[in-house]
Engineer: 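So that we are looking at the same thing, I have put the structure below in structure tokens.
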Amino acid sequence: NSTPKIARYKPYYTELEPERTYLWCSCGRGNAQPFCDGSHKGTDFKPVRYKPETKGEEVLFCGCKHTKTPPFCDGSHNDLLEDYPSDDPNSEENCAVPNVRLSSNPRAPLNGGCYVFSPDCAVLEEKGNLKYCSVIGPEFGAIYQSQFYFEANEGHSPFISFGDRDVVLFISEGEVEVTISGHSFIGQLHSGIYIKGNEVFSINNSSGGTVKFLASACPRADKPEWPEEMLNNFDISQPERVVPLDPSQRQGMANRYFQMLVDKSVGSLVVTQFIGHIPLSKAEPHRHLYEEALIILTGKGCMWTENLKTPVTPGDVIFLPRKQIHSLEATNEDGMLVVGTIYPGDNPSINY
Ligand code: FES
């Protein structure tokens, strides 16, 4: 009577009506999931009351009843499963899904505004020792975030700013010195770096080779700005800005794992960056309530939406609109390593 019953291993997406109070079933025994129908009688459980705080609120009510943030899903359902729910890529239905060819266009469009972008095929603009292009942005249908791909040759880059937006960098090749509003940091390979709104940054590449990095600006920006000078407005209340790859920080998620890179621990409140491993498998089609940019670091695979798919290889970036149904498949033996930037959101393990 003190153990909740798992109603299901994923949350319930619900559009809430204003002025209504909801009673979420915490015991899992009710027949009106995710809501209470009185079945908790005789158990230690009581329903949890929730009244919408804003108009048009959309929530994910926990279905597994093991959440630590009742009544909402916090991803705990993944810990109750040995294997992340998967789908058979060779089912009759999936075999009928056509492949979108990349041709020479860097952007392979899938359903619902989702696409895969290959910076290797893109025309890059130049600014000082930098070459760059837009990967995700309003011109491609993004509503919340934008992402730019950069290559930095030897030397000091121009000063870069995205105005008052929060900026999250990911170093995908090489190692650089990053100066944020006068404070310098070492950005190692595969580290995430947080730059607060209104701060200015620059890159010093003395590695002897080309350094590649991606910059996400949230909310979205049309293009980078090139201020004449470095500002001196570094937010000292948040001195740590670089999060290196660290296997000891991995969190399990069924048979997958991820490590948070840029998140609240470095002061980023609404943009979250993580690095995660996907084993050889095709995920069960699902959705998220956040917009996501997913960089493929290692491995090969295929990105699927309702009735289209396209191959993905290292360097590609997947743009995933909010609520778009999708499934990412890793096709090589040791799986894929990916880096995600979610916005607005703080928990990459929540899906529905
Ligand atoms: S469904 Fe319970 S935590 Fe996600």
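Read the numbers this way: they start at 1 and go in the same order the structure lists the ligands and their atoms. Every heavy atom of this structure was used, including side-chain atoms; hydrogens, water molecules and symmetry mates were not.
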Engineer: Show me the pairs that pass salt bridge (charged side-chain N to carboxylate O under 4.0 Å, His left out) and involve residues 255-271, at least two apart or across chains.
Structural biologist: Lys264-Asp346

Engineer: Could I get the full list of side-chain contact (heavy atoms from CB on, under 4.5 Å) partners for Asn351, not counting sequence neighbours?
Structural biologist: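 Result, side-chain contact (heavy atoms from CB on, under 4.5 Å) vs Asn351: His77, Tyr84, His286, His288.
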
Engineer: Provide the tally of protein N/O/S atoms nearer than 2.8 Å to atom 2 (Fe) of ligand 1.
Structural biologist: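 Near atom 2 (Fe) of ligand 1, the number of protein N, O or S atoms below 2.8 Å is 2.
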
Engineer: Identify whether the distance between the nearest side-chain nitrogen and carboxylate oxygen of Glu329 and Lys309 falls below 4.0 Å.
Structural biologist: no

Engineer: What pairs with Glu291 under salt bridge (charged side-chain N to carboxylate O under 4.0 Å, His left out), at least two apart in sequence or on another chain?
Structural biologist: none

Engineer: Is the NZ or CZ atom of Arg250 positioned over Tyr257's six-membered ring, under 6.0 angstrom from the centre and within 45° of the axis?
Structural biologist: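 Judged by the rule (NZ or CZ under 6.0 Å from the ring centre, within 45° of its axis), Arg250 counts as positioned above Tyr257.
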
Engineer: Below 4.0 angstrom, N of the basic side chain to O of the carboxylate: do Arg220 and Glu139 qualify?
Structural biologist: no

